[in-house]
2 protein chains.
Amino acid sequence: MIMTPMIETFVMHFGEMGSRWGFNRTVGQMYALLVITEDPISANDIAEALSVSRGNVSMGLKELQAWQLIQTHHKPADRKEYYQTNGSIWDMANRVFEERRKREMDPTLSLIRDILLDSPANAKEEYAQEKLQEVHNLLEGIVKWSSELQRLGPEKLDTLMKLGSGVGKVLDMKDKLLLKASPNDNKA
Amino acid sequence: MIMTPMIETFVMHFGEMGSRWGFNRTVGQMYALLVITEDPISANDIAEALSVSRGNVSMGLKELQAWQLIQTHHKPADRKEYYQTNGSIWDMANRVFEERRKREMDPTLSLIRDILLDSPANAKEEYAQEKLQEVHNLLEGIVKWSSELQRLGPEKLDTLMKLGSGVGKVLDMKDKLLLKASPNDNKA
DNA sequence: TTAAAGTTTCAGTAAATACTGAAACTTTAA
DNA sequence: TTAAAGTTTCAGTATTTACTGAAACTTTAA
């Protein structure tokens with residue numbers, strides 16, 4: 001399989017960015033290729049298109065499957081497996097966010113919780129714990145908020161996005177609104 | 001300067017996480033140390049506490065200053081420079097988000113824009129461009145949205161966070177609300 | 001049940017990234 | 001204006017991470 005220059009440009013770029021997004025270069029290239037290719041393609045096609053070893057492709061496919069970003073597809077009378085992307089671009093963004101949360105926030109949150117269980121040995125540690133509490137609150141806030149956004153689903157998210165700077169206005173009014181709707185539902 | 005075990009635990013952990021957050025291990029350790037230390041400390045203090053070369057500390061301080069995460073502090077009758085964190089934890093999170101946006105989104109956005117200017121050479125490229133448009137819209141959405149959140153400022157952000165699942169409800173009502181408030185202000 | 005087709009694993013190698021230590025440079029008190 | 005104190009730079013080295021190619025393993029049609 002051979003890529004047109006346009007497609008190659010994007011695939012290579014996505015590979016470079018991939019490492020910043022949480023997967024390695026080859027995995028990034030593979031995913032990009034699968035996204036912009038309509039028909040399911042085989043592992044060999046991928047290896048050939050990207051000039052990458054077959055073993056490396058296999059590893060990458062495994063990772064993409066773990067992320068649930070691709071699915072297999074079978075052609076009749078062909079035991080080879082073909083691959084295509086799974087879900088929308090939005091789904092993939094959600095996966096990436098979730099995976100990164102796991103790698104970038106969860107470990108720190110849990111470590112800080114442990115540290116906060118100990119009582120401070122001196123004034124310096126007392127100050128340190130105050131700061132750790134702040135970091136903890138921030139991380140917890142981000143985690144809760146992002147899972148909230150995911151729960152909203154794409155449609156509402158889209159509404160929220162389009163609202164843009166209107167968010168401020170809506171917030172200003174929310175007390176009034178929620179109060180009318182159900183007076184006791186306005187705490188958390 | 002010597003760190004207590006509690007402080008060391010956090011500093012080392014933050015160093016490891018640092019690389020996932022966009023700065024290297026030493027920079028992460030340095031920032032953590034500065035966050036949990038109340039008094040301004042010198043570059044030598046940092047090097048000693050972290051058992052890291054003086055040169056490396058200098059590089060790290062430069063980077064933290066570029067990110068505007070620290071500021072210098074001078075003691076009377078002492079030409080040495082002392083350092084302390086600049087702004088709140090929230091400010092630092094904003095800096096990190098912004099920096100990552102620059103590294104992780106902007107280059108891809110601009111590349112995709114370029115690609116979309118070319119006309120597709122065949123059906124495959126046409127499909128590819130459709131997909132690229134989707135990716136573009138997603139990235140643009142995230143960028144706009146995140147700068148929107150930054151513009152809201154910490155207080156409103158906090159309201160939004162605390163609102164949690166209430167966001168859905170507020171959204172359901174926003175049409176009614178905004179309509180009443182200013183009938184022509186409800187598009188973007 | 002065998003062999004052809006395909007998939008996975010892994011040890012060794014290559015590439016990218018970060019760190020050290022020493023030397024060069026800058027600042028300022030005397 | 002000099003030298004002591006401090007800061008910055010950089011070439012070489014170490015560490016980490018990713019990739020290759022070959023061998024081991026798995027599946028299934030005949």
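Model, not experiment: these values are computed from the prediction. Labels below follow one simple rule: chain letters A, B, ... track the order of the sequence lines, proteins then strands, and each chain is numbered from 1.
Heavy-atom distances to DNA chain C give each of B/Phe23 and A/Gln65 a nearest nucleotide, and the one nearer the 5′ end belongs to A/Gln65.
Candidate nucleotides C/dC19, D/dC19, D/dT8 were compared by shortest atom distance to the side chain of A/Asn56, and D/dC19 ranks first. If you check D/dG6, C/dT9, C/dG21 against the side chain of B/Lys80, the one that comes closest is D/dG6. Checking C/dT20, D/dT7, C/dT7 against the side-chain heavy atoms of B/Val52 singles out C/dT20 as nearest. You'll find that the side chain of B/Ala43 is closest to D/dT7, out of C/dT20, D/dT7, D/dC10. Closest approach to the B/Ser53 side chain among D/dC19, C/dT20, C/dT8 is made by C/dT20 (side chain taken as heavy atoms from C-beta onward).
A/Arg25 places its CZ atom 11 Å from the C1' atom of D/dT17, with the value rounded to the nearest Å. A/Tyr82 places its OH atom 14 Å from the P atom of C/dA5, with the value rounded to the nearest Å. We find that CD1 of B/Ile46 is positioned 14 Å from P of D/dG6, with the value rounded to whole Å. For the pair B/Glu48 CD and C/dT20 P, the computed distance is 15 Å after rounding to whole Å. If you take CE of B/Met30 and C1' of D/dT7, they are 13 Å apart, rounded to a whole angstrom. Counting to the nearest Å, the C1' atom of D/dT17 and the CE atom of A/Met59 are 12 Å from each other. One can place CZ of B/Arg20 at 17 Å from P of C/dT17, the figure rounded to the nearest angstrom. Rounded to an integer number of Å, the gap from A/Glu16 CD to D/dC19 P is 10 Å.
Base contact: A/Arg54 has a heavy atom under 4.0 Å from a base atom. Nucleic acid contact class of A/Asn24 (heavy atoms, under 4.0 Å, all strands): sugar-phosphate only. Using a 4.0 Å heavy-atom cutoff across all strands shown, B/Ser19 reaches no nucleic acid atom at all.
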What do the steps show when you test B/Trp67 against B/Phe23 for ring pair (Phe, Tyr, Trp, His ring centres under 6.0 Å), and what is the final call?
CA-CA 10 Å; B/Trp67 285 50; B/Phe23 30 77; 5.5 Å; yes

Step by step, work out the side chain to side chain contact (heavy atoms under 4.5 Å, CB included) result for A/Arg100 and A/Val96.
CA-CA 6 Å; A/Arg100 289 175 80 164; A/Val96 169; 3.6 Å; yes

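The neighbour count for A/Leu117 CG, taken as heavy atoms of other residues, nucleotides or ligands under 6.0 Å away, is above 12.
Checking C/dT20 for Watson-Crick or G-U wobble geometry (two distances, each under 3.5 Å) identifies D/dA11 as its partner. In this structure, C/dC25 and D/dG6 make a Watson-Crick or G-U wobble pair, each of the two defining distances being under 3.5 angstrom. Base pairing of D/dA30: its partner is C/dT1, meeting the Watson-Crick or G-U wobble criterion (both donor-acceptor distances under 3.5 Å). In a base pair of the Watson-Crick type (N1 to N3 plus N6-O4 or O6-N4) or a G-U wobble (N1-O2 and O6-N3), with each distance short of 3.5 Å, C/dA15 is matched with D/dT16.
Using a 3.5 Å distance cut-off with no hydrogens or angles, the side chains of B/Asn94 and B/Glu98 do not pair a donor with an acceptor.
The phosphate of C/dC19 has OP1 or OP2 within less than 4.0 Å of a side-chain N or O from B/Thr26. Put simply, A/Ser42 has no side-chain N or O that comes within less than 4.0 Å of OP1 or OP2 on C/dG6. OP1 and OP2 of D/dT7 both lie 4.0 Å or more from every side-chain N or O belonging to B/Lys62.
A/Glu99 has no carboxylate O lying under 4.0 Å from a charged side-chain N of A/Arg95, or vice versa, which leaves the two without a salt bridge.
Transitive grouping of hydrophobic side chains (ILVMFWY, heavy atoms separated by less than 4.5 Å) brings A/Tyr83 and A/Leu64 into a common cluster.
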